[in-house]
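For clarity, every value in this text was computed on a predicted model and none was experimentally measured. Keep in mind that the numbers below use all heavy atoms, side chains included, and drop hydrogens, waters and symmetry copies.
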Amino acid sequence: MIARQKPEDFFAIDSKGSYPKVILSKTLFGKDKQIVILHEGQHYQLRLTKYKKLILTK
């Protein structure tokens, strides 16, 4: 049986007493290898490498 890790194993509780939202990379990427994130009018590219690493570029 694999033990599931809890958010508190990775993140500190914020000032509101909650943990950051956790989103699975599978949910973001689906079958794709890259997505574009629009933040404050700027486009950022989040890519998944062949070695399963994430790279964020502007």
Side-chain angles (χ1 to χ4, degrees):
M1 185 171 143
I2 297 173
R4 290 186 181 255
Q5 294 177 308
K6 301 171 285 208
E8 57 267 26
D9 295 337
F10 300 100
F11 304 108
I13 296 174
D14 68 14
S15 61
K16 296 177 186 172
S18 61
Y19 296 102
K21 185 186 298 185
V22 175
I23 301 172
L24 296 175
S25 60
K26 270 182 166 176
T27 302
L28 290 173
F29 287 101
K31 294 181 180 183
D32 298 322
K33 297 290 182 199
Q34 67 180 8
I35 60 171
V36 174
I37 300 168
L38 180 59
H39 175 70
E40 299 285 328
Q42 299 291 315
H43 290 87
Y44 294 83
Q45 181 184 55
L46 184 62
R47 292 185 296 124
L48 184 61
T49 71
K50 64 181 177 180
Y51 299 110
K52 307 295 183 192
K53 303 292 182 183
L54 295 174
I55 298 176
L56 180 65
T57 55
K58 189 170 179 182

Table please: side-chain donor-acceptor pairs of residues 42-51 below 3.5 Å, with sequence neighbours left out.
from, atom 1, to, atom 2, distance (Å)
Gln45, NE2, Gln34, OE1, 2.5
Thr49, OG1, Tyr51, N, 3.2
Thr49, OG1, Lys52, N, 3.4
Thr49, OG1, Lys53, N, 3.0

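- Shown here are the side-chain contact (heavy atoms from CB on, under 4.5 Å) partners of Leu24, two or more places apart in sequence or in another chain: Thr27.
- Linking ILVMFWY side-chain heavy atoms closer than 4.5 Å, directly or via other members, places Ile23 and Phe29 in a single hydrophobic cluster.
- Under the 4.5 Å side-chain heavy-atom criterion for ILVMFWY residues, a single connected hydrophobic cluster contains both Leu28 and Leu56.
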